Amino acid sequence: MKGDKNTVDCPVRDVAVDIAAPEGDEDTGGWGGLEFLPGHPLIWVLILSELVVFGAFLLVFSAVRIMDPAGFAADQLHLSPLAGGINTIILLTSGLCAVFAMRAVEHGKLLSCRVWLGATALLGLVFLIVKLLEYGAKIDAGITIDTSTFFTLYFLITGFHALHVVLGLGILCVVGIWPSRINIETGTAFWHMVDLIWVLVFPVIYLVR
Amino acid sequence: MMEHKTVSARTATWVWGVASTATILALAATFEQVPGGALIARFLPVVIIMAVASTKAWLILRFYLGLRNAQGSWTGLFAAFLIVIVVGVVFAQAAIILIDQ
Amino acid sequence: MKYQSQKVALYYIYGALTLFAAQIVFGVVAGTVYVFPNFLSEVLPFNVIRMIHTNALIVWLLMGYFGAAYYLLPEECETEIHSPKLAIIQFWLFMAAALAAVVCYILGIHEGREFLEQPLPIKVAIVVVALIFLYNSTLTLLKGRKTAISNVLIVGLWFVALLFLFAFYNPANLSLDKMYWWYVIHLWVEGVWELIMASILAFLMIKMTGVDREVIEKWLYVMVSLSLFTGILGTGHHYLWIGTPGYWQWIGNVFSTLEIVPFFAMVVFCFYMVWKGGREHPNKAALLWALGCSVMAFFGAGVWGFMHTISSINYYSHGTQITAAHGHLAFYGAYVMLNLAIFTYALPYLRGRAPYNQQLNMWGFWITTSAMAFMTFTLTFAGIVQVHLQRVLGMAYMEVQDQIALFYWMRLGAGVVVLIGVTLIIWSLVVVPRARPATGAVRQTGK
Amino acid sequence: MSERLTKSAARNIFYGGTIFFLVIFLGLTLQSHNYIVTTSTNEDELTASVVAGKHIWERNACINCHTLLGEGAYFAPELGNVWVRYGGKEDPEGARDSLKAWMQSQPSGIEGRRQMPQFNLSDQELDELVDFLKWTSEINTQGWPPNEAG
């Protein structure tokens, strides 16, 4: 890898900065407040962006529903709250596994950490399979992204979320290969964010009527 | 720099149990709904659903994402995020019911 | 100036300033045609004037980026440029291509996709220029120290070149044509150009505020991350009415609204660094441009962009003078001011003119910036009236234009003032006057 | 815990996030490409004449005065719906003749009026250009522009 040279000399410089700049109140490490959140600060830039994006999408969804409550209610009947509910529990469980992985790495148990990460990812995979079955059922019923505003937003929001699960799986693999504490913290932070978003998406799209 | 302490296995499992139960309850609340019923019957389930969702979200934020270790301003920011969403959704429901009246 | 090869930046800066002057002159001419429609109409039709106005802008901005890169790479990488000779050849090829394009346009030889009007051989020449630059700069980067600033800058310039390749793809289907056209235009100005902008601003902040590199480079990553996380899908706001699927409205609404965030971060970044650094850098003019750049980019690109990005508003405002208002202030604030900031910073060193008298330059800043702001307001009001009469009431286009003639007069006025301001700026940059010994007690100590 | 601060990790997250959004963007564009070809535009009617008309449009840089689907210069009227504005839906022959006559009569030379240059197009070229504008007016643009004024 080309970047490796950088990886090697960066920590050295970082340490030097820590010593040289002990004035420390608001930005010891130079990441501003992001410093105080678990995981790499930049992942929090991503997490915050994502939360804002999904937050905006959910608010837009609710606002558009005001215009056409009957149409939304009719379309919503095509969704399966049960599948959504199962998926919620699957993600919650995978989040729990991620916490166990984090605990394992804290105690230096790498093997156990990887096993828990594997379980996390496996549940993520199950989530995606359930999701694909749902989409398949919609498409079989002739419902696509163009069918109505409800389904445009349904496919956009849940699809965008599902892609985050895919990205999350990739991140879990990467941090599983290099399971340093900071890496696991970063990876699981992203995974919990995906979990968190689903917990909000599910009721707004599937349940509220 | 802060050392982030991960929650204990017990707490994590508790959080999981509460959140999962809440999910099942929320599902049940939806099936109980009667469309076109009394005002409160159309409004209350949404409030309950959103309260349950935000509680779950809050649990994840605090215990899984490790926010309970973070500064108050961060906690406040995320709380504000959740409040905005919950208020938005509940407000939309109120508007729908009012327009319908 | 620490490295001899930084001198090649001079070619690019002077070349850029030449085209800058041409751009402004043609802009004023175009503004004149708006109020005297018969002016030049037989000799130089409006479409050619406008083509030169926009093309000169894009080319001089690119030339400025190349110049900025050649200036800052040696300092960042702590090594001489791989081949200064190649850099000079690259400059002349680029300049020749730019001038050839102008001549071709005047003779009526051009292609017809907006901003990509260059005849094919000139497009090829531009690619060759880009390849020379990428070869030269990448080798410089590889042999020297690797910093976040130089990495981000070079990644930005690589993507500028890669995305330009879509200029060669012109499908017969107009909707496809437009969709891929935005790959070049949007992903340039609201994507990778922001990488260039953030990295140059970061470089200036390191040099002028004395804040630790560690701090600044971390901010740099936050800013460029925000830019691309929002900007790439923000392309959706161009895919509203050109035959693309309806879901782009939602994507465009959400992501392009957030495009304001990176610009806001840049304002906070610049002011915070200056405040935190607390060091009095002798080149106050450059600092003024850098701070001004972040602020005007925030207003022009951020606020004015947001104003009409929501699809239900854009449905009415699309393709009116509101778009023109946004375009003018966004390009000025984000990219023109950025280039002038780095020119103002670099020229005194390149020319060895310490202590440097910045009065004229700062006058130029205030005059030009105020006039651009005024022009933007004028066009915005013109646009609002136009939207009401044409898009809401359904009045015919030309009748509406007669109704807003007054605004075009005011715009021309603003344009003339811009020309005056730009003359001052260019004069101050080309001459780089020394401060008189009496007032020049503060010696320039920066490196 | 200084490992938290590595910039290489920052770089990786930046690149990773960017690639993620880029992949989504490319995927959606691909879907849009398909949508354009199959749904929103009439590929079957994209005849040689329409293609020739597009080249005439480009060769004469019409976009640097007019807008087409709202993009271009803002100096002259929108032409994405000019076919509709000229009544092409009800009376195609009449609209075609009016459009051609308009272009042939330029520049008007009237003092104080914006001048459109005379491009000296042959009768066939004029027909091709009109075909292109007609084809363009039939693109499904999500209901834009709001009215015939364009």
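In what follows, every chain begins at residue 1, and chains take the letters A, B, ... in the order their sequences are listed. Since we're looking at a predicted model, the values are computed, not measured.
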A.B. asks: Heavy atoms only: give me the nearest A9(D)-H40(A) pair and the separation to one decimal.
C.D. replies: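 Result for this residue pair: CB-CD2, 3.4 Å.
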
A.B. asks: Is it the side chain or the backbone of F14(D) that comes within 4.5 Å of chain A heavy atoms, both, or neither?
C.D. replies: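 Both the backbone and the side chain of F14(D) come within 4.5 Å of chain A.
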
A.B. asks: By the definition side-chain contact (heavy atoms from CB on, under 4.5 Å), identify the one residue from L46(A), V166(A), L167(A) that meets it with F20(D).
C.D. replies: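 Result for side-chain contact (heavy atoms from CB on, under 4.5 Å) with F20(D): L167(A).
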
A.B. asks: Is there a side-chain contact between I13(D) and T186(A) (heavy atoms, below 4.5 Å)?
C.D. replies: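 Result yes, sub-4.5 Å side-chain heavy-atom pair found.
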
A.B. asks: Taking every heavy-atom pair that is under 4.5 Å apart, which of L163(A), I145(A), D146(A) has the most such pairs with chain D?
C.D. replies: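 Looking at each option in turn, the highest pair count goes to L163(A).
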
A.B. asks: To the nearest 0.5 Å, tell me how far N12(D) CG sits from N183(A) CG.
C.D. replies: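 Result: 9.0 Å between the selected atoms.
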
A.B. asks: Parallel, tilted or perpendicular: which one describes the rings of F21(D) and F160(A), with boundaries at 30° and 60°?
C.D. replies: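 Rings of F21(D) and F160(A): tilted, as their planes differ by 30° to 60°.
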
A.B. asks: Side chain, backbone, both or neither: which part of S49(A) has a heavy atom under 4.5 Å from chain D?
C.D. replies: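 Neither part.
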
